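Reading through the structure tokens given below for one structure.
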Amino acid sequence: MDCSLASEPAPAAGDDAGAHHPCIGFVDGSGWQAVYDLLTLDGYRVSVVQNPTLSLDGDATATRQVIDAVDGPVVLVGHSCGGAVITEAGTHGKVSALVYIAAFAPDRGESVNTLNADPPPGAPVPPILPPRDGFLFLDREKFAGDLPAEQAAFIADSQVPWGVNALSGEITESAWRTKPSWYLVATDDRMIPPPAQRAMFQRAGSTVVESPGSHAVYVSQPVAVAAIIHEAATALK
């Protein structure tokens with residue numbers, strides 16, 4: 001999981017000096033450079049938070065620390081298990097909206113493990129290897145099937161292990177119940193089946209976009225991902 005924050009720039013000379021622009025935040029920083037580049041070209045300031053992935057509470061704390069350092073309202077963006085992090089950390093007073101990118105969107109009392117426990121009929125088995133010394137890895141042979149082999153291998157070899165407590169941590173208060181949200185469904189995802197993604201965005205009442213792509217859709221389809229983030233940010237103006 002990673003977390004990055006992007007904000008719109010201060011008004012240029014001649015613009016309304018009192019205009020206040022929202023910040024955007026990603027949870028899961030590795031691999032986001034193409035999206036980062038598109039957002040910065042659009043004038044957003046972007047910073048990346050690398051959360052420790054040892055526990056949900058620790059990841060949420062790391063995210064809140066970055067939010068505290070940002071001036072103005074924030075849009076948090078979470079991918080995969082990062083969706084649980086923005087759901088927990090998104091109750092912060094500066095957070096104005098949430099964007100889920102092929103992500104888990106648990107409710108109060110739920111965890112990533114809870115949502116994984118009852119997959120839709122016929123759903124593919126997520127390529128998560130058995131725990132090793134309290135940590136989880138993805139099967140590198142089943143990684144990011146819509147990316148060139150060399151790029152998929154690099155991402156697989158640089159993956160950060162998840163602490164099992166990061167997946168079992170339960171949401172204390174669900175931010176999507178009080179904050180507007182957007183959701184991008186990756187229609188070729190084999191980690192979080194698209195039917196499960198649709199069930200989560202329907203429950204959250206999210207504005208939704210669907211895009212072809214694997215679970216690594218933020219790498220393979222950066223234009224679509226940047227577009228939904230931009231839509232969320234501009235909707236708050």
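Computed from heavy atoms alone, side chains included, the values below leave out hydrogens, waters and symmetry copies. Start at 1 with the first residue, then count along the sequence. All values reported here derive from a predicted model rather than from experimental measurement.
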Quick one: pull up [atom1] in [X] and [atom2] in [Y] and give me the separation to the nearest 0.5 Å.
X      : Y      : atom1 : atom2 : result
Leu184 : Phe201 : CG    : CZ    : 10.5 Å
Thr40  : Gln33  : OG1   : CD    : 9.0 Å
Asp139 : Leu129 : CG    : CG    : 5.0 Å
Asp37  : Asp42  : CG    : CG    : 11.5 Å
Gln197 : Tyr100 : CD    : OH    : 13.0 Å

Between the side chains of Arg177 and Asp107, is the shortest nitrogen-to-carboxylate-oxygen separation below 4.0 Å, so that they form an ion pair? yes
Tell me whether the count of non-hydrogen atoms from other residues, nucleotides or ligands lying under 6.0 Å of [atom1] in [X] goes above 12.
X      : atom1 : answer
Arg190 : CZ    : no
Phe135 : CZ    : yes
Arg203 : CZ    : yes

Please say yes or no: joined through hydrophobic side-chain contacts below 4.5 Å, possibly via intermediate residues, are [X] and [Y] part of one cluster?
X      : Y      : answer
Val208 : Phe104 : yes
Phe137 : Ile155 : no
Val209 : Val99  : yes

Could you tell me whether the side chain of [Y] reaches within less than 4.5 Å of the side chain of [X], counting heavy atoms only?
X      : Y      : value
Leu115 : Ile192 : no
Val185 : Tyr183 : yes
Tyr218 : Gln221 : no
Met191 : Leu138 : yes
Arg198 : Glu210 : yes
Trp176 : Thr87  : yes
Pro222 : Leu38  : yes
Ser111 : Leu56  : no

Verify side-chain contact (heavy atoms from CB on, under 4.5 Å) between Ile128 and Trp162, making sure each step is shown before the conclusion. CA-CA 10 Å; Ile128 302 174; Trp162 304 333; 4.0 Å; yes
Looking only at non-hydrogen atoms, find the nearest pair between [X] and [Y] and report the distance.
X      : Y      : answer
Gly90  : Lys179 : O-NZ, 2.8 Å
Asp59  : Leu54  : OD1-N, 4.0 Å
Ala62  : Pro52  : CB-CD, 3.9 Å
Gln151 : Leu147 : OE1-CD2, 3.9 Å
Ser220 : Ser214 : OG-N, 4.4 Å
Ser174 : Pro106 : OG-O, 3.6 Å

Any donor-acceptor pair under 3.5 Å from Thr53 side chain to Pro161 backbone: yes
Under 3.5 Å donor-acceptor pairs involving side-chain atoms of residues 164-173, not counting sequence neighbours:
unit_1, atom_1, unit_2, atom_2, d
Ser168, OG, Val164, O, 3.4
Thr172, OG1, Glu88, OE1, 3.3
Thr172, OG1, Glu88, OE2, 2.6

Walk me through whether Ile86 and Val95 qualify under side-chain contact (heavy atoms from CB on, under 4.5 Å). CA-CA 10 Å; Ile86 69 170; Val95 175; over 6 Å; no
Kindly determine whether Val217 and Ile101 satisfy side-chain contact (heavy atoms from CB on, under 4.5 Å), including the steps that lead there. CA-CA 8 Å; Val217 66; Ile101 307 296; 3.7 Å; yes
Determine the sole option in Asp188, Asp189, Asp146 for which the side-chain hydrogen bond (donor to acceptor under 3.5 Å, both in side chains) test with His215 is passed. Asp189
